[in-house]
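Reviewing the structure listed below.
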Amino acid sequence: MNFSSPFFVKLRAVTRRLGLNRLAASVLFRGDYEDRFGPRLLDEIRASDTVWDVGANVGLYTSQFAQRAGDDGRVVAFEPVPACFSALEKVAIERRIIHPVNAALGAEDGYLTMALEPDALAATHRVVEETGERGDGAFAQVPVRSGEGYAAQHPDFFPNVIKIDVEGFEGEVFQGLRALLDDKRLRCIGIEMHFGLLQQRGESDTPRKLEDELKEHGFRLEWTDPSHLLALR
């Protein structure tokens with residue numbers, strides 16, 4: 001199924017309003033909506049790989065990536081939210097191959113504003129255009145790196161596998177990764193598509209655009225569930 005098609009995007013908007021998205025996914029895929037994505041992504045990681053965990057949060061996937069890549073691998077974990085990054089650093093102490101980076105990935109180097117959830121370690125902190133978007137909630141200015149710039153500065157950390165979970169910021173992350181997409185060392189990109197947040201930002205067509213771009217760069221695509229896309233070669 002192509003979950004970025006206009007039909008499915010509109011259908012998701014309806015089921016989202018009714019609060020039925022997760023239920024529909026569990027019925028279609030017989031389990032939690034992320035049950036297939038994690039194992040499929042881990043299957044693509046080889047011993048000694050370099051994995052980028054973009055939006056690492058507190059390091060749940062980071063730890064699994066490190067175990068899969070082994071002692072000769074590397075995991076670069078990008079996390080901009082200060083509280084989450086502190087938890088991530090503790091995970092990195094346990095595995096020397098984990099390299100935590102206190103920054104978001106985006107189109108270019110700079111800073112952006114994130115709206116913070118009441119739970120400091122939540123996985124749903126997100127980028128906002130203006131601080132007024134969330135009323136009186138908490139915000140943080142966080143650093144941003146482009147993937148291209150980071151790879152140029154750290155050539156030994158060029159990614160073989162990238163996981164992206166950035167709460168509606170997917171388009172900007174890809175803008176900063178474009179220069180890497182033709183390099184055959186990059187074999188797999190796993191993306192959580194936040195259709196609702198993208199729609200709120202006026203970017204409902206971003207999933208389709210990303211699909212088209214990945215195909216142009218020689219990736220074959222696999223939706224493991226309605227929210228997770230794997231690009232493979």
Side-chain angles (χ1 to χ4, degrees), residues 41 44-57 59 61-66 68-82 84-85 88-89 91-92 95-114 125-127 140-193 203 206 209-221 229-233:
L41 184 57
E44 297 300 323
I45 298 173
R46 304 170 185 171
S48 77
D49 268 352
T50 295
V51 184
W52 285 11
D53 189 354
V54 182
N57 192 244
Y61 272 117
T62 305
S63 297
Q64 296 179 57
F65 296 157
R68 191 78 176 182
D71 291 341
D72 293 327
R74 298 182 180 92
V75 179
V76 184
F78 297 91
E79 176 51 51
V81 177
C84 296
F85 184 73
L88 182 63
E89 285 186 303
V91 173
R95 295 298 299 267
R96 64 174 180 80
I97 73 165
I98 297 174
H99 303 268
V101 178
N102 191 198
L105 282 194
E108 58 187 14
D109 292 356
Y111 290 86
L112 53 77
T113 301
M114 295 195 70
H125 307 297
R126 62 185 179 87
V127 174
Q141 288 288 116
V142 301
V144 185
R145 298 293 311 274
S146 74
E148 176 183 357
Y150 185 86
Q153 187 176 4
H154 303 278
D156 291 340
F157 288 2
F158 189 93
N160 305 113
V161 177
I162 302 176
K163 184 225 84 179
I164 300 170
D165 182 0
V166 290
E167 302 294 321
F169 203 57
E170 294 90 320
E172 287 86 345
V173 170
F174 261 84
Q175 288 179 46
L177 289 175
R178 284 197 174 110
L180 311 185
L181 296 181
D182 277 331
D183 194 311
K184 297 302 189 292
R185 290 177 293 173
L186 178 56
R187 304 187 318 270
C188 173
I189 304 174
I191 314 161
E192 179 164 357
M193 293 288 190
E203 299 181 19
T206 290
K209 288 180 177 179
L210 295 186
E211 278 191 316
D212 291 343
E213 184 168 6
L214 286 163
K215 289 177 182 177
E216 290 173 3
H217 287 279
F219 289 90
R220 57 184 175 84
L221 306 182
L229 176 66
L230 284 178
L232 306 164
R233 63 179 168 208

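Scope of the values below: all heavy atoms of this structure, side chains included, with no hydrogens, waters or symmetry mates. Start at 1 with the first residue, then count along the sequence.
- Partners of E167 according to the salt bridge (Lys or Arg N to Asp or Glu O under 4.0 Å) rule, which considers only residues two or more places apart in sequence or in another chain, do not exist here.
- Counting all heavy atoms, side chain and backbone alike, H217 lies closest to R233 at O-NH1, 2.7 Å.
- The CZ atom of F174 lies 4.5 Å from the CG atom of L214; values are rounded to the nearest 0.5 Å.
- Counting only distance, with no hydrogens or angles, the side chain of Q64 and the backbone of T62 share no donor-acceptor pair below 3.5 Å.
- Side-chain contact between V81 and M114: present, with at least one pair of heavy atoms (C-beta onward) separated by less than 4.5 Å.
- Between C188 and L232, the shortest heavy-atom contact is SG-CD2, 3.6 Å.
- With I162 as the partner, the side-chain contact (heavy atoms from CB on, under 4.5 Å) test is satisfied by one option alone out of I191, L177, L41, V51: L177.
- Rounding to the nearest 0.5 Å gives a distance of 7.5 Å between CD1 of I45 and CZ of R68.
- Interatomic distance, L186 CG to N160 CG, rounded to the nearest 0.5 Å: 7.5 Å.
- To the nearest 0.5 angstrom, N102 atom CG is 4.5 Å from F85 atom CZ.
- E108 has its side chain out of reach of V144: every pair of non-hydrogen atoms, C-beta onward, lies at least 4.5 Å apart.
- Note that CG of D53 is 9.0 Å distant from CD of E79, once rounded to the nearest 0.5 Å.
- Nearest heavy atom pair, residue I97 against residue A69, reads CD1-CB, 4.4 Å.
- Contact detail for R187 and K184: the closest heavy-atom pair is CG-O, 4.0 Å.
- The shortest side-chain heavy-atom distance between F65 and D49 does not fall under the 4.5 Å cut-off.
- Proximity of R185 to L180: side-chain heavy atoms (C-beta onward) are nowhere separated by under 4.5 Å.
- M193 places a side-chain heavy atom less than 4.5 Å from the side chain of L210.
- Looking at E203 and K209, no side-chain N of the basic residue comes within less than 4.0 Å of a carboxylate O on the acidic one, giving no salt bridge.
- Closest approach of R145 to A103, counting heavy atoms only: CG-CB, 4.0 Å.
- Between A104 and P80, the shortest heavy-atom contact is N-CB, 3.6 Å.
- Within the 4.5 Å cutoff, no side-chain heavy atoms of L105 are placed close to those of E148.
- Note on ring orientation: taking the six-membered ring where Trp is involved, the planes of F78 and W52 are perpendicular (angle over 60°, cut-offs 30° and 60°).
- Using a 4.5 Å heavy-atom cutoff, the side chains of V142 and L112 are in contact.
- Atom CD of Q153 is separated from atom OG of S146 by 10.0 Å, given to the nearest 0.5 angstrom.
- Residues F157 and V101 fail the side-chain proximity criterion, which asks for heavy atoms closer than 4.5 Å.
- Applying the salt bridge (Lys or Arg N to Asp or Glu O under 4.0 Å) test to R74 and every residue at least two apart in sequence or in another chain returns nothing.
- Residue R46 qualifies as open at atom CZ: its count of foreign heavy atoms under 6.0 Å is 12 or below.
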